[in-house]
Amino acid sequence: QTATGQAPGLAQMVEAGELPPVVERVSDEPEVVEPLNAVGDYGGDLRIYLRGSSDHNHILRVVGPQGLVRWDPDYTEIVPNVAESFEVTEGGRVFTFHLRDGMKWSDGEPFTADDIMFNIEDLVMNEDFAPTPPRYMSGGEPMKVEKVDDYTVRFTFKEPYGDFLAELASPLGQHPVLYAKHYCSQFLPSYNDSLDKLIEANDASDWQNLFLQKCGDLEIPARWGNPERPTLDPWVIKEPYVGGTTRVVLERNPYFWQIDTEGKQLPYIDQVVAPVDQDVESLILSVIGGNVDFGLRHIDPPSNRPVLAENREKGDYRFFEAKSTGGTDMSISLNLTHKDPDLRELFNEEDFRVALSLGMDRQEIIDTVMLGEGEPWQQGPFEDHPYYHEQIATQYLEHDPERANELLDGLGLERGEDGIRRMDNGEPVTFQVDVIPTFDPTWVDSLQLIEQQWAELGVDMEINPMERTFFYERTSNSNDHDAAVWRATQSWVPGQIPQMLVPVHHDSRYGIAWRDWYLSGGAEGEEPPETIKTRLELYEKARGLTDPQERIETFHKIADIAAEEFEVIGVSTAVPTYGIVKNDLKNVPDSMPSSWYYPTPSPTLPQTWFWQDE
Amino acid sequence: MLLFYIGRRVLWAIPFMFAVSLIAFALISAPPGDYLTTFAATLAQSGDVVDEARLDALRERYGFDQPFIVQYLRWIGGVLQGDFGISFEWQQPVGQLIWERMALSVTLALATLMFTWAVALPIGIYSAVRKYSIGDYFFTTIGFIGLATPNFLFALVLMYVAVVHFGSDVSGLFSSEYQDAPWSLAKVGDLLSHIWIPVIILGTSATASLVRIMRANLLDELYRPYVTTARAKGLSEFRLIMKYPVRIAINPFISTIGWAFPQLISGAVITAFVLSLPTSGPLMLQALLAQDMYLAGAFILLLCCLSIVGMLVSDILLAVIDPRIRFR
Amino acid sequence: MDGETMTSEWNTPVLELKNLTTEFVTKRGAFRAVDDVSLELHAGKTLCVVGESGSGKSVMSRSILQIVDPPGRVAGGQALLHRHRTARAGAGEETVDLLKLNPKSRAIRSLRGRDVAMIFQEPMSSLSPVHRIGDQVGEAIRLHEPVSKKDARERTFELLRKVEIPNPGKAIDQFPFEFSGGMRQRAMIAMALACNPTVLIADEPTTALDVTIQAEILDLIRSIQDDSDMAVLFITHDMGVVAEIADEIAVMRFGKVVETGDVYDIFERPQHYYTQRLLNSVRELDHPSERRLAMRKERPVGAPCLVSDNVRKVFGGSKSWFGTEVEGLVAVNDAELELRSGENLGIVGESGSGKTTLGRCLQRVHDVTAGRILYTDSSGLERDLAPLTENQLEQPWRDIRTVFQDPFSSLNPRMTIGQIIAEPLVVEGKLTGPQIRERVYELLELVGLPVSAYMRYPHAFSGGQRQRVSIARAIAPNPRIIIADEATSALDVSLRTQILDLLLDLQERLDLSFILISHDIAVIRYFCDRIAVMYRGRIVETGDTETVCNTPQHEYTQSLLSAVPVADPRARGQKQRVRYREAI
Amino acid sequence: MTGAIIVLMFYLVGAFAEILAPFDPNESSSANIYHPPQMVRFIDHDADGGWSFSPHVIGMTMERDKFTLKTTYTENPEDKIYLDFFGKGEPYKLWGLIPMERHFLTTENSDERFFLLGADRLGRDMLSRTIYGTRVSMSIGLIGVGLSLLLGLILGGVSGYYGGKVDMFIQRIVELVISLPTIPIWLGLSAALPQDWSPLARYFAITIILSLVAWTELARVVRGRFLALRTEDFVTAARLDGCKRGRVIFRHMMPSMVSHIIASVTLAIPVMIIAETSLSFLGLGLTPPIISWGVLLKEAQNIRSIAQAPWLFAPGGAVCLAVLALNFLGDGLRDAADPYVQDSH
Ligand SMILES: Nc1ncnc2c1ncn2[C@@H]1O[C@H](COP(=O)(O)OP(=O)(O)OP(=O)(O)O)[C@@H](O)[C@H]1O
Ligand SMILES: Nc1ncnc2c1ncn2[C@@H]1O[C@H](COP(=O)(O)OP(=O)(O)OP(=O)(O)O)[C@@H](O)[C@H]1O
Ligand SMILES: [Mg+2]
Ligand SMILES: [Mg+2]
């Protein structure tokens, strides 16, 4: 099918000779998208919002990463995106992508295999620019990329790498198609001899800085800071996201490569407009005031729900559901690699952790703090998910202070006069739980309840709220914490890092020293015990698997061990959040998964959303 | 003569600025971690995940692994050449980011200052002259309620009322059509039609304190013999009070300009944050929270400059207004 | 008096006080400062009010314009201003009762300063410290007459010149604190005369002026009076001045007028006991104190204990605030002076000649620009005070005490009289609390103040009362030297002798030395052994009091003595005044 | 006078928070989320028309809308909760020391709860929380202002009295502190605090931080006044009386500024309380579980409270009242120190 329709604005420009006709602009092999409900009409703005600085990913989530592949709207299957199709061969070692014939960058220049080669060879693999991210390595070696022809590229890995496609579908896997060679190469020393002048003219400190300024990178605001940069996105930057701006505007990409079933070029909506507000509360006010067409990020905690629900008519919007993919919003990790030997010994007693879990009245917490939403839960995917693992999700959920006390007595922790238990060395069982109060306000609230509940057990927990950088520094770098709170919303699907099962990430706060050991290849940190090592091996293996069933089984093996060890204490199922969408905005699903790796809502294809009066 | 004095003060300001910059930089670097830690934290808060390897590489490139003094020297060296460095967050030269915002901040601060003075002086005088009258109690109470309400709360309530009950949006300093428009007369008009809200929000607490201070000082002067002298000349009560005791009671007011101005700017930060004003406050706050060192550093340095100018002005005014100080 | 029947314009009153009563309502009850006072002021005539210090003269004069300070209020009576009888009377102007007018009304405002002008007793504090002299004087003109700024300035200049302020062109732009006491007083006078008032109320307007200038000022007032039939209410303690200018005299005591009458009557046939005492004191003051002469015989004057060796004081010189070289004002110019122990040294001199400044230099309150100040302490050790720091000055300051020229500003407005007098004792730390209290009561009594003064604040006192507080404070810690700057100027004559005798008493007991700065030659003669005459920052003549007074050498001294008023109305105008002007 | 009484009351409330608060301020309850304030009724009517004096409130039951998650409360006239003065309630330790269980006001039946100022998002009693907040906030005000007053007066006084080099030096320090914007100072100083300090230690540290920033203003004003006062005769007189510098400054010069000082102190206390709130806003100041007015206001600082639970702003009312009372107290003090006023009453 070929493109036949285009936005009226573009049609005028074609008539005026400013643009080539739509057939030429759109690739010969455009992706034909079947809109969710109906084929739409052109026109209108999509008003979203940005919260201060570092909210660039919100733009990304709407515009979409537009990598070679993407997730389908259900977050279960990977489908071609920029690539017209792909093949996986040799047991998951070789990946071949076929590009779309005649596809163009947003400035009209052709998009070919050369662009991918440029991205990989000159940037991803260029140590001067940045280290090669691990997702392009396997078996300790970087991948190899060949240009088969102008529209075909082949990626080859040393070891099988089943998760590679998922990595590419995630926002972090966009590298191969991120930069347009014809534009971005001018900022590389190997392509431009008079680069120094350019650096100076732009007040940049060096070429890397200049490059980032002009072409951006995956996760930095500067990606949306240069209207000249060609992209493959449905909308391109018009008013950029630069420091201190108060509004960001994106306008339709006239060369966008998707069409609907009637041959009309996408997107339907002309512009994406995002005012920059600093404070979440003012975002909520904007929503109530009807100034936001689509919103999910920042406004979604359940505590805002009553206000937003109340004003639905006033703001002329409806709710949609943003299902969590699994796991829990709040988990407490005791530091099992604690620097203090006594606390470390105590925390490493599994009975102690189990007792703490049994000592929590989760239902009360859910009713009080989470407005009754959610169910008691430890961690891991929900029941209806293929990765669901019963034991790790549901063990020790009951509120059973008696058992808990028995377990603690069994550890020889006698109660002192003040009712607090004593360790062998006579010190009271006291520890602090580090938490960022601004991050998720329900955490401190829940902790306050937990504090009281644990006090019944004779365990003196202190809440230690702190600012986020302090938190990171203490809990992820210097390993100074006793315990810490973090979220663990995971379903373990490819692409996600299961940090609560294996200590591979700075959010694995139960074993930061082990993580350091793992990431440094044994050079730093602390050698983990067997149970962790086994899991790490299984995890490595799972990443290579191409067969989904096999992958699930491997993950369940990991989960079996993790469940036995019971390192992390969860509270309740991740609360399904909700977003708001204007009543007149069509083709928006009533429910979508909520995840960064997905990333919400872009796989639901906002380019197919359109305005229609009721 | 005055020029000479100013010159001397300005010369003084140079070593002073160095001290300030060092302290400012130390303050910015004081929190643990660095820009990248914060960056990771910010993204995590929105549910996004960062690429760790990438962070480490950047850390090295930005020189965060170097000792404090090296980083400082590098920065101040650049500043001396007019190069404020690069904002890590925006990958833009700091110089590009600050000026327009600073200008708006100064405008807002000036407007607020004028508002507070315009309101506080007459009320202060009134409540001193009519001590314990109903008006005195009234203004005192209103003023203190204003003082006791955190600005950002006031801002939030105002915004809520405006949105929910009047359906209008009071945040920002410009209507959307002027937001990115080049400066024009119409844009200035638009600015004026928006600026009064933050001015009132910011001004209330400052007004209350000025009223009280004015009142207290004026009460001290009201019964001085020279006031009687002037009265015997046949001056009207109003002119009398304005010309004599007020003139002396205003002395502490003048001492305050020096810091009132910079403090208005930095005090406005949180309000500006809530109201999403395109002033320097929110950007500075973000830069600080994000540990975007060079950007924050530039703001702090500029604010310090403003304070120094403010203090200079207040010292000069003080000398002009009170000859006893001038000829000490 | 029945004014209506007197057809003669000459005897018609312009201002009539009838049963004026003014009260201060305090926590301790109401206090009648002015009690049922009735007086008449006639056009072109001068009514002199004399009376005991604290008798209510100032309050009475303020009551007329309704500017008594807050706790005070006019409780009754009338103050009738017969406007139609004044020289500048316009059509339709008639009698107004000033006390009936609302004190804030436009009506009374237009009368204040224009019809009735006032010179306040304490010129030092009565001028705004932050406004220029020219501004404050010119304001009075511009308020009541439609003149331009420039004209007002010109007239101000003229007025300043008339009141003998040297270099009026510069003075007009100066601030009060740059003025000497006498200069400020003259500025006040200029301000009052600015609009040619029909009634002038002058509350001790010449206390800070030397007799030469005083004479000029009195002449000035008289000439204005002659020109425009101005009625003058003149409050003073100087009977010489009274004799010189008064047409009528009213004597006040305890808030009441105890005697009124023609100037000759009063001087020659005083009725009231107090008036008699007053006049006796005047006569007594005319010659050296017997006590002193007797004392000197017993204990002759000792070695010099405070010597000013070429002391020079320049104000505002080289290092000005704005860092440029400014030529300073030489207030004291190489003054050579020595005070011997047990001696009373008088300093007289023109107003603004640097007497106060010299006194302050001697005590090292001011830094001196050049010269030495040699002080010999009780142990006989001689020290140069000039280079000492404040810490090192502690002992000398304890030994050398001072009575400030302006009592009001030298008393902390927020301390009670008791606290003020006790302060040096408290600091000294030799006595216990109750002892100090005892001592303060004793001092209060010595200077003739009631014990109830202990708890009150300075502002609630009359000028003379404050002056006595100052004296009490100075003598409290038994010093060695006292520098008294116009210490008795605000006291009535009887009190004056009493205080001077008190000081002599002390001298007898404690081997004190005094430097008495005064404009009152009589006081100097009574009290001082030697006299130094200052003129334009220089000591132009020193010598034994009698020698200098009888055979003055320097021309300025001669002119000074020639201007001393004689307390005898019959001698009025007979004395030949000479005026000395240094060739510059 | 009224000012003094109210201020005294505030401090008493702070001191005896444990007794006065009906409940544990941290006790949450899922059944009372956003419980609205209840009115106390004094007269109880029996079913048969008789009446008696027994203070009580009418109980309310909560319902939560499944979709909007909004809580609504309906009065349940049958359910009367009787109140009891100095009845037994939850046991507590006064000042962490003396075990007690009587509360100024409790329910007769210790299972029941009442909410005179409503409840917050966790069903905690706002009245109790506000009462506990009094302790922290009023003492922050007092200690912080005391500290900054001390610093400001001493440094400002010395600076203005000596002039010259000392003045130069102190003024540079003042300028340094003034010219640094407060927020970075707060951030930097809070960063210097060890992260595992106990809440109490952190609270004191924050008080000190606040006053370290706040003293400069006073110092500068005091200096300005001193420069002018220094030339007054009565100051010279005091020096001549042999007063040491300290005495000249504090006994003789300071009283002339007493009005100004009182005004600034009464102003500084609310500013401290608010500054603490601002710090909380930045996530730096006091944070839960510490209860201060600032923390409470920070918690209320969202659209939801404005729209649905305005009673959460009760601590704001407390701040206002405290500030007004302090101010009127200040007026009284000022008048007491003013010789002119003293005589006229
Ligand atoms: N504000 C005040 N409060 C209370 N009493 C006052 C006040 N002002 C003046 N007095 C009292 O009123 C009386 C009269 O004072 P006034 O100043 O009129 O005296 P005076 O005759 O002018 O004396 P002097 O010759 O010393 O100036 C004095 O006893 C004084 O103590
Ligand atoms: N602080 C000052 N600054 C500048 N000039 C001053 C200052 N104090 C005094 N003068 C000037 O010094 C000169 C001498 O003043 P001083 O007060 O010593 O005079 P005096 O002899 O005491 O006069 P009087 O009898 O009028 O009090 C005057 O011309 C005066 O204007
Ligand atoms: Mg008098
Ligand atoms: Mg003098």
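Here the structure is a predicted model, which means the values were calculated and not measured. Letters A, B, ... are given to chains in the order of the sequence lines, protein chains preceding strands, and every chain is numbered from 1.
- For a residue to count as touching a neighbouring chain, one of its non-hydrogen atoms must lie under 4.5 Å from one of that chain's; by this rule C:Q66 does not touch chain B.
- One distance of note links CZ of B:R231 with CG of C:L65; it measures 11.5 Å at 0.5 Å rounding.
- A centroid separation of 6.0 Å or more is found between the aromatic rings of B:Y226 and C:H131.
- Among all heavy-atom pairs drawn from B:T228 and C:I67, the shortest one is CG2-O, 3.7 Å.
- Atom CG of B:L80 has more than 12 heavy atoms from other residues, nucleotides or ligands within 6.0 Å.
- For the atom pair CZ of B:R224 and CG of C:L127, the computed distance is 14.0 Å after rounding to the nearest 0.5 Å.
- Summarising the geometry, atom CE belonging to C:M118 is positioned 9.0 Å from atom OG1 belonging to B:T229; distances are rounded to the nearest 0.5 Å.
- By number of non-hydrogen pairs under 4.5 angstrom with chain B, the leading residue of C:S128, C:A140, C:A117 is C:S128.
- The two residues C:F408 and B:P225 come nearest to each other via the heavy atoms CE2-CG, 3.3 Å.
- The distance from atom CZ of C:R142 to atom NZ of B:K233, rounded to the nearest 0.5 Å, is 12.0 Å.
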